[in-house]
K.L.:
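Here you go, one structure.
Residues: numbered from 1 along the sequence shown.
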Amino acid sequence: MKSEYRKARTRAKIHGTADRPRLAVHISNMHIIAQVIDDDAMKTLAYATTVGGKMTGTMTEKAALIGAEIGKKAKKVKVEKVAFDRGERKYAGRLKALADAARKEGLEF
């Protein structure tokens with residue numbers, strides 16, 4: 001119940017634009033998905049996931065790899081600043097590893 005309120009509160013405040021798209025992150029028990037989204041144009045600019053990949057290691061290590069990958073893909077489409085949408089998750093562990101790796105690749109949030 002608390003996570004639903006947290007998710008609604010986070011999503012109400014964050015909106016991606018062309019100047020500052022939204023970096024939406026979803027972490028399940030098995031996979032990690034990160035997208036850079038322009039909400040005004042309703043378009044996904046960059047996308048990285050562990051689904052269908054042959055990544056090995058812990059989920060935290062996979063999160064760091066996805067963070068680095070989304071950072072590189074965002075740079076390709078000339079995105080440097082994003083609004084970080086963590087959804088219902090608290091900023092810790094896997095989410096923090098993904099965010100730190102994306103920052104190392106040059107994304108600002």
Side-chain angles (χ1 to χ4, degrees):
M1 191 74 167
K2 282 186 178 182
S3 66
E4 292 172 9
Y5 289 124
R6 187 182 306 122
K7 182 178 180 180
R9 185 176 61 236
T10 304
R11 292 275 163 82
K13 295 177 184 178
I14 298 174
H15 181 81
T17 63
D19 295 332
R20 194 175 186 100
R22 175 170 56 106
L23 174 59
V25 177
H26 175 72
I27 300 175
S28 70
N29 290 336
M30 302 267 309
H31 296 289
I32 300 167
I33 300 167
Q35 299 179 63
V36 177
I37 304 167
D38 179 0
D39 289 320
D40 290 339
M42 293 187 205
K43 186 176 178 184
T44 300
L45 305 173
Y47 177 79
T49 182
T50 59
V51 177
K54 301 289 184 194
M55 291 184 180
T56 58
T58 65
M59 285 295 286
T60 306
E61 292 167 351
K62 289 179 186 179
L65 292 173
I66 292 298
E69 187 177 339
I70 197 70
K72 290 175 187 173
K73 288 184 177 183
K75 271 191 165 180
K76 278 187 180 179
V77 294
K78 299 177 182 167
V79 172
E80 294 179 4
K81 293 184 179 183
V82 294
F84 191 60
D85 180 5
R86 59 186 171 79
E88 62 191 39
R89 296 188 69 91
K90 292 183 179 180
Y91 186 82
R94 298 170 184 166
L95 190 65
K96 186 177 185 305
L98 187 143
D100 289 343
R103 282 190 184 108
K104 283 183 184 176
E105 290 298 324
L107 278 182
E108 287 183 40
F109 50 93

K.L.:
Any side-chain to backbone donor/acceptor pair from Lys73 onto Tyr47? Under 3.5 Å, distance only.
P.N.:
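Yes.
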K.L.:
Specify the closest pair of heavy atoms between Ala68 and Ala101, including all atoms of both residues, with the distance to one decimal.
P.N.:
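Shortest heavy-atom contact: N-CB, 3.7 Å.
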K.L.:
Could you tell me which non-hydrogen atom of Ala46 sits nearest to which non-hydrogen atom of Ala74, and how far apart they are?
P.N.:
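Scanning both residues completely, I find the closest heavy atoms to be CB-N, 4.1 Å.
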K.L.:
If you group Ile, Leu, Val, Met, Phe, Trp and Tyr whenever their side-chain heavy atoms sit less than 4.5 Å apart, what else falls in with Val77?
P.N.:
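Besides Val77, the cluster holds Leu23, Val25, Ile27, Ile32, Val36, Leu45, Met55, Met59, Leu65, Ile66, Ile70, Val79, Val82, Phe84, Tyr91, Leu95, Leu98, Leu107, Phe109.
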K.L.:
With sequence neighbours excluded, tell me which residues meet side chain to side chain contact (heavy atoms under 4.5 Å, CB included) with Ala41.
P.N.:
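Scan of Ala41 (side chain to side chain contact (heavy atoms under 4.5 Å, CB included), adjacent residues dropped) gives Asp38, Lys43.
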K.L.:
Which other residues end up in the same hydrophobic cluster as Met30, if Ile, Leu, Val, Met, Phe, Trp and Tyr are linked when side-chain heavy atoms come under 4.5 Å apart?
P.N.:
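Result for Met30 is none, singleton.
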K.L.:
Does atom NZ of Lys96 have more than 12 heavy-atom neighbours from other groups under 6.0 Å away?
P.N.:
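Not more than 12 within 6.0 Å, no.
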K.L.:
Say you draw a straight line from OG1 of Thr17 to CG of Asp40; how long is it, rounded to the nearest 0.5 Å?
P.N.:
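Result: 6.0 Å between the selected atoms.
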K.L.:
Taking only residues two or more places apart in sequence or in another chain, which ones pass side chain to side chain donor-acceptor pair (under 3.5 Å) with Lys62?
P.N.:
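Residues passing side chain to side chain donor-acceptor pair (under 3.5 Å) with Lys62: none at all.
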K.L.:
If you compare all heavy atoms of Arg20 against all heavy atoms of Glu108, which two are closest, and at what distance to 0.1 Å?
P.N.:
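Arg20 and Glu108 have their closest heavy atoms at NH2-O, 4.2 Å.
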K.L.:
Could you report the tightest heavy-atom contact between Ile37 and Ala24, atom names first, then the distance?
P.N.:
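Scanning both residues, the minimum pair turns out to be CD1-CB, 4.0 Å.
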K.L.:
Looking at residues at least two apart in the chain, or sitting in another chain, which of them share a side chain to side chain donor-acceptor pair (under 3.5 Å) with Arg11?
P.N.:
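Scan of Arg11 (side chain to side chain donor-acceptor pair (under 3.5 Å), adjacent residues dropped) gives Asp85.
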K.L.:
Considering residues at least two apart in sequence or located in another chain, which fulfil the salt bridge (Lys or Arg N to Asp or Glu O under 4.0 Å) criterion with Asp39?
P.N.:
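In terms of salt bridge (Lys or Arg N to Asp or Glu O under 4.0 Å), with neighbours along the sequence ignored, Asp39 is linked to Arg22.
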